[in-house]
Amino acid sequence: MRKQIVAGNWKMNNDLAETRALISDLAKQSKISNAEVMIAPTFVCLGTALKHSSNLDVEVVAQNMHYATNGAFTGEVSASMLRSLGVQTVILGHSERRAYFNEKDNDLAKKVDAALSNNMRVIFCFGEELADRKSGNHEKVVESQIKNALFHLSDDAWESVVLAYEPVWAIGTGETATPEQAQEMHAFIRSVLASKYGNDISSEVSILYGGSVKPNNAKEIFSKPDVDGGLIGGASLNAEDFYAIVNAF
Ligand code: PEP
């Protein structure tokens, strides 16, 4: 059975005090769903988040990492450094990394390999821009993002990969893909995986939806058969909203 996951991407929000405060708010929420819960603070707050969430049923994950083990990459952080902190999962390929930091499919393929070879789990993000959707190219774009960054992986590697479909036009805009659009794309993604890896693997990969998921739309989106959870930006910065989404399963 594939896992249901709700992951909060805090992006470049929350200093140390705010991280502690939000985690203490998260501790006051009750979880009534079986979904795995993750939060992704900034690099500088990972240690504090790990320490303060140790009694919670929440995994602290990273928002990014470099593909090299170490060396002359000023400002970057490696998989082994994250592992040394106790971080076991990393988000890769977020559209903001692609757009503002010029991350390309081949960089992401290297990052995925580095994470997996350090026994980390990867949440791999991708999704089309508005122009791709309008021109009807959204499936082609998504297919090539998946193929270029992930189709070199072995069958076994997929046990450690979670996919996050995030249409760029829906991130932080208040505009959400309809539950039907999300389902249609998630089913397509599963068929792309099945074309190379077969149905057994493709049906076991969790595919999250991301893009303006809020307490008032989560239930309907999560009710779709190929949607296994959400990557949540804005709404993950408020503990009540975040747990309303977690509990939408
Ligand atoms: C995201 O950053 O991955 C995201 C989905 O953001 P938001 O929920 O704010 O649209």
Side-chain angles (χ1 to χ4, degrees), residues 4-14 18-19 22 26 29 35-43 45-46 49 58-65 89-103 108 111-112 115 121-130 132-133 138 141-142 145-146 149 161-179 181-183 185-186 189 206-222 224 226-249:
Q4 295 174 330
I5 298 170
V6 178
N9 174 13
W10 291 6
K11 311 194 184 191
M12 198 173 71
N13 293 297
N14 294 332
E18 289 161 341
T19 294
L22 182 47
L26 293 175
Q29 309 301 314
E36 273 186 44
V37 181
M38 301 178 185
I39 54 171
T42 61
F43 285 138
C45 293
L46 284 170
V58 166
E59 183 184 348
V60 175
V61 313
Q63 297 177 17
N64 178 38
M65 52 163 249
T89 300
V90 61
I91 298 170
L92 294 175
H94 192 280
S95 66
E96 288 151 17
R97 300 290 321 167
R98 293 175 191 257
Y100 307 139
F101 303 96
N102 205 28
E103 290 191 5
L108 294 171
K111 289 186 179 207
V112 169
R121 184 156 61 151
V122 170
I123 300 177
F124 185 80
C125 307
F126 53 89
E128 82 281 3
E129 302 201 9
L130 187 58
D132 304 318
R133 170 78 44 181
H138 45 293
V141 168
V142 160
Q145 288 171 325
I146 294 172
V161 178
V162 170
L163 299 180
Y165 166 59
E166 299 204 298
V168 178
W169 48 270
I171 297 180
T173 58
E175 180 135 358
T176 324
T178 63
Q181 283 173 320
Q183 168 56 27
M185 182 58 96
H186 283 221
I189 292 163
S206 297
I207 309 178
L208 315 185
Y209 169 78
S212 299
V213 177
K214 306 287 178 202
N216 64 359
N217 59 21
K219 206 176 182 70
E220 216 186 330
I221 295 171
F222 294 170
K224 294 296 176 192
D226 286 296
V227 177
D228 304 309
L231 183 54
I232 318 298
S236 71
L237 298 174
N238 176 290
E240 271 182 36
D241 286 352
F242 186 52
Y243 268 79
I245 295 171
V246 170
N247 290 330
F249 269 112

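Because only heavy atoms are used, hydrogens play no part in the values below, and waters and symmetry mates are left out as well, while side chains stay in. All ligand and atom numbering here is 1-based and tracks the order in the structure. From a predicted model like this one, the values you see are computed outputs, not experimental measurements. Heads up: numbering here begins at 1 and tracks the sequence.
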### Message
To the closest 0.5 Å, what do you measure between CD (E240) and CD1 (I245)?
### Response
12.0 Å

### Task
Show which atoms of ligand 1 fall inside a sub-4.0 Å distance from at least one heavy-atom site of G172.
7 (P), 9 (O), 10 (O)

### Minimum-distance protein heavy atom relative to atom 9 (O) of ligand 1
G234 N, 2.8 Å

### Task
Pull out every atom of ligand 1 sitting under 4.0 Å from any heavy atom of G211, numbered as shown with elements.
5 (C), 10 (O)

### Task
Could you list the atoms of ligand 1 found under 4.0 angstrom from a heavy atom of N9?
2 (O), 3 (O)

### Query
Side chains of V142 and M185: closer than 4.5 Å at any heavy-atom pair?
yes

#### Entry: Sub-4.0 Å heavy-atom approach of S212 to ligand 1
yes

### Query
Just by distance, with hydrogens left out, do E175 and S212 show a side-chain donor and acceptor under 3.5 Å apart?
no

### Task
Please identify which atoms of ligand 1 are closer than 4.0 Å to at least one heavy atom of L231.
3 (O), 5 (C)

### A170 neighbourhood, listing ligand 1 atoms whose heavy-atom distance to it stays under 4.0 Å
10 (O)

### Task
Please check if any side-chain donor atom of W10 sits under 3.5 Å from a side-chain acceptor atom of Q63, or the reverse.
no

### Query
How close does the nearest protein non-hydrogen atom get to atom 3 (O) of ligand 1, and which residue and atom is it?
E166 OE2, 2.6 Å

### Query
Closer than 4.0 angstrom: is that true for some heavy atom of H94 and an atom of ligand 1?
yes

### Message
Would K11 count as being in polar contact with ligand 1, using the rule that some N or O on each side must be under 3.5 angstrom apart?
### Response
yes

### G233-ligand 1 polar pair, N/O distance under 3.5 Å
yes

### Task
Ignoring hydrogens and angles, state whether a donor on the side chain of N217 or T176 is under 3.5 Å from an acceptor on the partner side chain.
yes

#### Entry: Polar side-chain atom of Q183 near backbone of D226 as donor-acceptor pair, under 3.5 Å
yes

